[in-house]
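Notes for the one structure printed next.
Every chain is numbered from 1 and lettered A, B, ... according to where its sequence line falls, protein lines coming before strand lines. Owing to the predicted nature of the structure, the values given are computational and were not obtained by experimental measurement.
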Amino acid sequence: MPAKKIQNSNIIKNDLKEYSFFNDVYDIVRLIPRGRVTSYGAIAECLGAKGSARMVGWAMNASHQVRPKVPAHRVVNRNGMLTGKHHFTTPSEMENLLKKEGIKVIDDKVAEFKNLFWNPKTELEINM
DNA sequence: GCATTGACGAAGG
DNA sequence: CCCTTCGCCAATG
């Protein structure tokens, strides 16, 4: 699959099951540059699973224990809202991490979201 | 096994 | 512009 080609990073070997989809998601998220953000749907679409944005969210859920680390805070919903903040160690952690990268967060939303949006499909120029 | 639940998103009212 | 419905599909009860 495309994402595996993007980066043959050390994929987490979940002992028995290896969910390539999850790993593909993690690989893409790891490629998001500092100070940029993307959305769940964009990642899903990039993987050819356009309608499965929720699965990306589910993958993020498990991403905390994954190594190498996954910058899950750079993934927000399509409106730039920090819908996943409650899944971090503290509700303010996600916002703090983003601010640390120079991203302004106003009212749980990424300011200038449109400009900071990093579309994996076009930025990486994946060929399916 | 069926029902419910989501860090989603598009469409319709 | 807000709300609901629906498709999506792994995980959970």
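Between M94(A) and V76(A), the shortest heavy-atom distance links the atoms CE-CG1, 3.9 Å.
Using a 4.0 Å heavy-atom criterion, one finds that H64(A) contacts the bases of the nucleic acid, with or without backbone contacts as well. At the heavy-atom level, N61(A) lies under 4.0 Å from base atoms of the strands shown. A49(A) comes within 4.0 angstrom of no nucleic acid atom, judged by non-hydrogen atoms across all strands.
Residues Y40(A) and M55(A) share a single hydrophobic cluster, defined by chaining ILVMFWY side chains whose heavy atoms lie under 4.5 Å apart.
Between the side chain of T38(A) and the backbone N or O of W118(A) there is at least one donor-acceptor pair closer than 3.5 Å. A donor-acceptor pair is defined here as one N or O able to donate and one able to accept, closer than 3.5 Å; no such pair exists between the side chain of H73(A) and the backbone of N96(A).
dC8(C) and dG1(B) have their P atoms separated by 22 Å, given to the nearest Å. Nucleotides dA3(B) and dC6(C) have their P atoms positioned 15 Å apart, rounded to a whole Å. Of the C1' atoms belonging to dA7(B) and dC2(C), the separation is 22 Å, rounded to the nearest Å.
If you measure from atom CE of M55(A) to atom P of dT12(C), you get 12 Å, rounded to the nearest angstrom.
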Item checked: Pair V25(A)-M60(A), side chain to side chain contact (heavy atoms under 4.5 Å, CB included): steps then yes or no -> CA-CA 8 Å; V25(A) 171; M60(A) 290 295 96; 3.6 Å; yes
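Contacts classified as salt bridge (Lys or Arg N to Asp or Glu O under 4.0 Å) and involving residues 46-61 of chain A (residues at least two apart or in different chains) are not found.
Bounding nucleotides for the chain A contact on DNA chain B, 5' to 3', at a heavy-atom distance below 4.0 Å, are dG6(B) to dA10(B).
Between W58(A) and S39(A), the residue anchored closer to the 5' end of DNA chain B is W58(A), taking for each the nucleotide with the nearest heavy atom.
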